[in-house]
Trainee: 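I have a structure here, written as structure tokens, and I will follow up with some questions on it.
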Amino acid sequence: MENVQSQSAQTRYDKGNLIARSSNQRSGAMKSDEPNPMADELAHLMMQVANNRCKRSFASLFSHFAPKINSFGVQRLSQQGLAMDLVQETMARVWTKAHLYNADKAAVSTWVFTIMRNQCFDMLRKVQHNREDAFGDDIWPLFESDDAENNEEDFLLSANLLQHVEDLPPLQRQVVQGIYMQELTQQELADKLNIPIGTVKSRLRLGLEKLKSFMEKHYD
Amino acid sequence: MINYHPDQHLLSLHAKGELPLSMSIAISAHAELCSHCRQQLNQMTIALSEQEFEQQQTVAEQFDDAGLSGLLDQFMSSTLDNLDTEPTPQPQVVDNTVTIKGEQYALPRVFRKQINASWQGIGKVSRLRLDTGEPQARASLLHIAANGEIPEHTHKGAELTLLLAGEFSDCYNTYKPGDFMLLDQAHQHSPKTTEGCLCYTIVDAPLYFTKGFSKLLNPIGDLLY
């Protein structure tokens, strides 16, 4: 019976695969302090999503969590449409916040649970009090990287900085990229570009000054 | 040393996300000050997540019934790509301090969206109403300046006081920052402070904020249909 169900769910993207495997493992009595292969599998999938933006892994996470989020939502929100919204919002956050997940802080299940609960709290307020405010993430600290917010800012800042590197004049850009992204020494770069090291230094200085002024203008 | 804590029942409702906003703010602020309760909440959250997400499932068949296949297809074909190209919102730096009568206080993070309102008050007692959108409960930050007191009063419903800074005492005890006091209508008290204090308070219609959503709004369908 179970096989038939997971077969039919297993159309594309390995749907149901994880569910079938996890229930096999769970069929024996499993104590919580034993190694938990399902948790390891989820952590692996999460890393694939975070580091490689792997959609296949996301689909497996979706297959595992979506039905459970859906039944949580049906209980809590009493309306099928809203439960689907909860699934959609929660899984969208799993995708966009994947880089903040920290395996040292919590199991994937716990992290996804907090995202779901916080989202559900905000949805309930919308339904009950017609409030569009989002308090969930302020009330419950997420099990994320130590200074998740700072990381997020750094991450954004680097993204912005990279954008500005693209805007530099080509000769300066070449030097900035060589030193900071390919991590060449000034001498290596000079040899590679076949220019004197003094020229590398002066282009680098001009480039960095320009970047600094971009950043000050936009982020002061 | 914090001596007064929310009870297990409140902590567990909070971990489930079933308390109204005003009360969730109080528990969250208390937990930021109290490592003991923070730890308990973490454990409850882990237990809840295991219960929701790791128990044996018979959900394979739900996948298609609930339209989840369609949602997954949508995610794979467009939603994920759209999410990646959406501009990331600029992080907001929110100042988490309030200043009242020349005293500046750093507040727990849960207050950061709410403290733009203005203080009102007479004499030594000032109040900043927080707009939680709940008609049944009034939540505020309450500041009592040094040597101030609140006249003796009783409560129609319950009254929650969470001391955030300073000290105060009433006929029962002396309280320290982090102390979480939930009094019902049977109690009378008149808090006094010598050095001044800042509290978070909720006053409510009878027994509103100590019950979970499920009991209060059963069925919440009443509001939906």
Side-chain angles (χ1 to χ4, degrees), chain A residues 2 5-6 8-9 11 13 15-16 19-20 22-23 26-27 32 38-39 53 55 58-59 62-63 65-68 70-72 78-80 83-84 87-88 91-92 95-96 106-107 109-110 112-114 117-118 120-121 124-125 127-129 131 133 135-136 138-140 149 152-153 156 159, chain B residues 14-18 20-21 24-25 27-28 31-32 38 41-42 45-46 48-50 52-64 66-69 71-76 79-80 83-84 86 88 90-91 93 109-113 132-135 213-214 217 219-221 223-224:
Chain A
E2 191 183 334
Q5 283 162 356
S6 44
S8 71
T11 50
Y13 327 122
K15 272 182 216 167
I19 297 166
S22 68
S23 46
R26 289 270 152 162
S27 56
S32 58
M38 182 174 57
R53 309 310 277 152
K55 290 185 183 176
F58 177 84
F62 188 99
S63 304
F65 285 112
K68 301 171 189 191
N70 189 60
S71 42
F72 181 90
S78 320
Q79 208 185 41
Q80 184 59 35
M84 285 294 274
V87 175
Q88 167 142 17
M91 292 312 295
W95 178 257
T96 55
S109 302
T110 306
V112 175
F113 175 82
T114 57
R117 175 199 54 200
N118 298 4
C120 185
F121 183 85
L124 267 173
R125 284 191 41 85
V127 173
Q128 287 166 2
H129 300 294
R131 289 294 175 119
D133 44 23
F135 277 101
D138 285 339
I139 292 174
W140 293 277
E149 283 160 22
E152 197 156 21
E153 278 170 42
L156 281 176
Chain B
H14 178 72
K16 289 180 192 161
E18 291 192 357
L21 177 61
S24 286
I25 288 174
I27 308 266
S28 170
E32 193 170 320
R38 192 159 63 233
L41 283 170
N42 284 351
T45 307
I46 290 166
L48 283 167
S49 68
E50 283 171 358
E52 292 294 336
F53 287 152
E54 290 182 13
Q55 85 272 43
Q56 188 163 349
Q57 283 288 335
T58 51
V59 288
E61 75 274 22
Q62 258 190 40
F63 205 85
D64 291 311
L68 291 171
S69 294
L71 187 58
L72 177 56
D73 289 344
Q74 198 185 318
F75 262 103
M76 299 305 279
T79 311
L80 295 182
L83 287 170
D84 277 342
E86 260 174 29
T88 333
Q90 285 292 323
V93 181
R109 59 175 251 148
V110 67
F111 290 106
R112 61 187 173 178
K113 287 213 182 86
T132 61
E134 297 159 279
F213 279 136
S214 48
L217 299 151
I220 68 164
L223 292 163
L224 293 173

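Numbered from 1 within each chain, the chains take letters A, B, ... in sequence-line order.
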Trainee: I need the minimum non-hydrogen distance between A/R53 and B/D84, along with the two atoms involved.
Mentor: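 Nearest pair, atom of A/R53 first, then B/D84: NH2-OD1, 3.0 Å.
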Trainee: Between CG of A/L124 and CG of B/L21, what distance do you get to the nearest 0.5 Å?
Mentor: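 It is 12.0 Å, given to the nearest 0.5 Å.
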Trainee: Specify whether A/F58 and B/F75 have parallel, tilted or perpendicular ring planes, treating 30° as the upper limit for parallel and 60° as the lower limit for perpendicular.
Mentor: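 Taking B/F75 first and then A/F58, their aromatic rings sit tilted (interplane angle of 30° to 60°).
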Trainee: I'd like to check A/M84 versus B/L68 (side-chain heavy atoms, cut-off strictly below 4.5 Å). Are they in contact?
Mentor: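 Heavy-atom side-chain distance check passes, below 4.5 Å.
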Trainee: Measuring from atom CZ of A/F62 to atom CG of B/L72, what distance do you get when rounded to the nearest 0.5 angstrom?
Mentor: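 The CZ atom of A/F62 sits 5.0 Å away from the CG atom of B/L72.
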Trainee: Can you list everything that forms a side-chain contact (heavy atoms from CB on, under 4.5 Å) with A/A39? Sequence neighbours excluded, please.
Mentor: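 For A/A39 the side-chain contact (heavy atoms from CB on, under 4.5 Å) partners, ignoring immediate neighbours, are A/N36.
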Trainee: Chain A: which of B/I25, B/V110, B/T79, B/I27 shares the most heavy-atom pairs with it under 4.5 Å?
Mentor: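 That would be B/V110.
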Trainee: Is there a side-chain contact between A/F121 and B/S24 in this structure, where contact means two heavy atoms from C-beta onward sitting under 4.5 Å apart?
Mentor: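 Contact flag for A/F121/B/S24 side chains = yes.
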Trainee: For B/E86, is it the side chain, the backbone, both or neither that has a heavy atom under 4.5 Å from a heavy atom of chain A?
Mentor: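 The answer is neither part of B/E86.
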Trainee: Which pair of heavy atoms, one from B/S28 and one from A/I139, lies closest together, and at what distance?
Mentor: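 Smallest heavy-atom distance, with atoms named: OG-O, 2.7 Å.
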Trainee: If I take atom NZ from residue B/K16 and atom SG from residue A/C120, how far apart are they, to the nearest 0.5 angstrom?
Mentor: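 The NZ atom of B/K16 sits 13.0 Å away from the SG atom of A/C120.
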Trainee: First locate atom CE of A/M91, then atom CG of B/L71, and finally report the distance between them rounded to the nearest 0.5 Å.
Mentor: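 Separation between the atoms: 9.0 Å.
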Trainee: Could you work out, with side-chain hydrogen bond (donor to acceptor under 3.5 Å, both in side chains) as the rule, every residue matching A/K55, not counting sequence neighbours?
Mentor: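 side-chain hydrogen bond (donor to acceptor under 3.5 Å, both in side chains) check on A/K55 returns B/D81.
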Trainee: Search all heavy atoms of B/S49 against all heavy atoms of A/S109 and return the closest pair with its distance.
Mentor: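 Heavy atoms of B/S49 and A/S109 come nearest at CB-O, 3.7 Å.
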Trainee: Which distance, rounded to the nearest 0.5 Å, do you find between the CZ of A/F113 and the CG of B/L48?
Mentor: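 Reported value, rounded in 0.5 Å steps: 4.5 Å.
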Trainee: Please round to the nearest 0.5 Å and tell me the distance separating atom CD of B/E52 and atom CZ of A/F65.
Mentor: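 If we round to the nearest 0.5 Å, B/E52:CD and A/F65:CZ are 11.5 Å apart.
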Trainee: Heavy-atom cut-off 4.5 Å, strictly under: side chain, backbone, both or neither for A/W140 against chain B?
Mentor: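 Both parts, heavy atoms under 4.5 Å.
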Trainee: Which heavy-atom pair separates B/G17 from A/R117 by the least distance, and what is that distance?
Mentor: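 Reported closest heavy-atom pair: N-CD, 3.7 Å.
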